[in-house]
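Below, read A as the first sequence line, B as the second, and so on, with proteins coming before strands; counting in each chain starts at 1. Small disclaimer: the values here were computed from a predicted structure and weren't measured. All values below come from the heavy atoms of this structure, side chains included, with hydrogens, waters and symmetry mates left out.
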Protein chains: 2
Amino acid sequence: MTVRERLSQAAFELFDERGFDETTVDDIAARAGTGRTTFFRAFGSKEEVVFPDHDGLLASVQARLDAARPGSEPAAVAEAARLVLLHYLAEGDLARTRYRLTRRVPALRAREIAGQRQYQRVFLGFVRPWFREGYGEGARADLRAELLADAVVTGHNHVLRQWLRGRTETPEADFDAAMTEVLGLFAPASGDPTAGIVVLRTDRDLDAVLPQLRRVLAPGASMEP
Amino acid sequence: MTVRERLSQAAFELFDERGFDETTVDDIAARAGTGRTTFFRAFGSKEEVVFPDHDGLLASVQARLDAARPGSEPAAVAEAARLVLLHYLAEGDLARTRYRLTRRVPALRAREIAGQRQYQRVFLGFVRPWFREGYGEGARADLRAELLADAVVTGHNHVLRQWLRGRTETPEADFDAAMTEVLGLFAPASGDPTAGIVVLRTDRDLDAVLPQLRRVLAPGASMEP
DNA sequence: GGGACCGATGGTACTGAGTACCATGATTGC
DNA sequence: GCAATCATGGTACTCAGTACCATCGGTCCC
């Protein structure tokens with residue numbers, strides 16, 4: 001076990017026993033059998049122990065998006081987001097412990113949220129050019145791109161949260177459904193046959209088209225042609 | 001000028017001159033002609049000087065939503081969000097200084113983002129029951145409610161940012177447009193005539209269906225098959 | 001007027017995170 | 001065997017934030 005791993009384990013144990021604020025860096029270092037200096041060389045800050053893989057995960061999302069080919073943007077977005085989900089699923093109990101910690105400690109919550117925003121920024125950087133192409137440049141395309149980048153992160157978080165709370169046994173299937181929903185709401189028209197989405201605003205009788213619409217709007221079946 | 005105002009002014013001056021991290025609380029207190037203790041009694045933390053009205057603004061948003069009457073949810077959401085926009089517009093240069101600070105200082109950025117999430121939570125608390133009613137309980141309604149709550153905040157931020165950067169002279173009109181867009185994407189059917197918006201996904205020629213659908217989709221009609 | 005009370009202020013001392021610097025000991029390369 | 005390198009740990013510092021206490025000005029009551 002590396003020093004870093006010993007420190008991480010000691011930290012999570014102590015956070016669980018006493019709480020985050022009640023644990024000092026000295027406590028962690030002592031339990032791990034190292035000095036304080038070593039802790040800060042390994043982790044940079046006390047909070048960072050809780051989110052050790054954040055930067056790497058963010059980079060892998062960016063890499064997945066960078067590797068996307070034109071025309072497959074929706075798939076690239078979904079697959080990049082899936083990387084994050086799979087990472088947490090693989091962590092198992094550790095992810096649940098982190099979840100409990102972030103619910104309880106405002107500073108950790110703030111850091112988690114800031115981290116999520118970084119994902120949103122990465123998705124935005126990928127999605128904005130695509131939207132400008134699909135909708136034309138201007139505020140409308142940029143706003144929609146922001147909304148989609150948000151929605152991808154929120155969709156992911158929604159599913160992850162259900163799993164962290166033990167509310168679902170099928171997070172990956174839920175994820176597919178959520179991504180379909182999200183991409184269906186936002187993706188601009190493009191060469192991709194899965195991206196033919198229209199926003200309509202009217203002010204009259206729905207019943208006439210309802211049967212026809214039901215086919216398209218039906219849960220589960222709605223998004224795939 | 002109250003002690004709090006003197007401290008605030010001194011702080012912003014120093015942040016501007018030397019930067020946030022390079023300014024100590026002692027510096028601020030000294031320039032304001034008070035003691036360190038008084039600073040912490042007035043502000044709670046160094047970061048809080050930068051976001052002094054956050055809690056009050058959040059409460060006013062909550063209050064506006066609490067006062068909403070059934071059937072006017074979209075208007076309530078838009079008006080509650082508008083409160084925030086108007087607050088920043090009224091601040092003028094102070095808001096721009098804060099914007100510059102939050103771009104430069106990661107800790108302030110994180111705090112700003114955490115604050116935005118609080119707005120999202122408030123909107124979510126308001127919107128979720130409405131969506132459960134409109135779509136039925138379940139993950140789909142909850143996810144869509146989250147997406148709308150996000151989108152309201154993002155729409156607001158989008159417009160505010162344009163103004164903070166000096167890219168628009170008509171933030172209020174932009175805001176109306178953004179809210180229409182956002183609510184149009186997400187709002188479930190309701191009595192409000194501005195809410196008769198349906199998101200539809202087809203794989204056919206859009207131009208062919210659009211006029212027809214435009215005719216038949218009605219406000220107030222349920223999207224539930 | 002005088003004394004008791006009270007709120008705001010400011011000072012002192014403490015804890016704990018994070019940084020800088022240096023000494024030491026182990027490992028590696030030659 | 002020797003030198004260079006690197007991880008480690010120790011010491012000392014800055015600064016945010018907290019706790020506690022002393023002081024001072026005003027106010028209220030007698």
Side-chain angles (χ1 to χ4, degrees), chain A residues 1-52 54-56 98 101-102 104-115, chain B residues 1-55 98 101-102 104-115:
Chain A
M1 193 151 49
T2 69
V3 183
R4 189 182 161 92
E5 285 165 347
R6 286 214 315 277
L7 282 164
S8 173
Q9 184 177 327
F12 272 94
E13 284 173 14
L14 286 164
F15 294 162
D16 236 23
E17 293 171 17
R18 315 180 190 172
F20 183 81
D21 292 330
E22 290 72 25
T23 301
T24 72
V25 171
D26 287 289
D27 295 337
I28 301 170
R31 178 165 299 199
T34 77
R36 223 175 86 91
T37 313
T38 302
F39 175 89
F40 279 111
R41 246 191 295 269
F43 282 108
S45 84
K46 188 175 147 189
E47 290 172 9
E48 201 185 304
V49 190
V50 185
F51 309 99
H54 175 74
D55 289 345
R98 181 186 303 114
L101 277 174
T102 55
R104 211 187 316 236
V105 184
L108 294 178
R109 179 99 185 97
R111 184 153 182 138
E112 184 183 46
I113 292 166
Chain B
M1 192 152 45
T2 69
V3 183
R4 190 181 162 91
E5 287 165 346
R6 286 213 315 276
L7 283 164
S8 174
Q9 184 177 328
F12 272 95
E13 284 173 12
L14 286 164
F15 294 161
D16 235 24
E17 293 170 16
R18 315 179 190 171
F20 183 81
D21 291 329
E22 291 71 24
T23 302
T24 73
V25 171
D26 286 290
D27 295 337
I28 302 169
R31 178 164 302 196
T34 77
R36 223 175 86 92
T37 314
T38 302
F39 175 89
F40 279 110
R41 248 191 293 268
F43 282 107
S45 84
K46 188 174 146 188
E47 290 172 8
E48 202 184 305
V49 191
V50 184
F51 309 99
D53 301 329
H54 175 73
D55 289 344
R98 181 186 303 114
L101 277 174
T102 55
R104 210 186 319 234
V105 185
L108 295 178
R109 180 99 185 97
R111 182 153 184 138
E112 183 183 46
I113 292 167

(request) Would you give the length of the straight line joining atom CD1 of B/Ile28 to atom OG1 of B/Thr38, rounded to the nearest 0.5 angstrom? (result) 13.0 Å

(message) Treating B/Asp16 as the side-chain partner and B/Glu13 as the backbone partner, does any N or O pair qualify as donor plus acceptor under 3.5 Å?
(response) no

(message) Test your reading of the model: is there a side-chain donor-acceptor pair from B/Arg109 to the backbone of B/Thr102, 3.5 Å cut-off?
(response) no

(request) Check whether any side-chain N or O of A/Glu5 sits under 3.5 Å from a backbone N or O of A/Thr2 as a donor-acceptor pair, and report yes or no. (result) yes

(request) Do nucleotides 8-24 of chain D as a string where each nucleotide becomes B, S or -: B if the base has a protein heavy atom under 4.0 Å, S if just the sugar-phosphate does, - if no protein is that close. (result) BBB----SSBB------

(message) Over the length of the helix from C/dG1-D/dC30 to C/dC30-D/dG1, how much do the five-pair end axes diverge, rounded to 10 degrees?
(response) 10°

(request) Nearest whole angstrom, please: distance from the P of C/dA17 to the CG of A/Leu108. (result) 13 Å

(request) For the pair B/Lys46 (side chain) and B/Phe20 (backbone), establish whether a donor and an acceptor sit closer than 3.5 Å, ignoring hydrogens and angles. (result) yes

(message) Nearest whole Å is fine: how far is C/dG16 P from A/Leu14 CG?
(response) 14 Å

(request) Return yes if some donor-acceptor pair links the side-chain N/O of A/Arg4 with the main-chain N/O of A/Ala42 below 3.5 Å, else return no. (result) yes

(request) Check salt bridge (charged side-chain N to carboxylate O under 4.0 Å, His left out) between A/Arg104 and all other residues, then give those that pass, not counting sequence neighbours. (result) none

(message) Could you check whether B/Arg31 pairs with B/Glu17 (Lys NZ or Arg NE/NH1/NH2 to Asp/Glu carboxylate O, under 4.0 Å)?
(response) yes

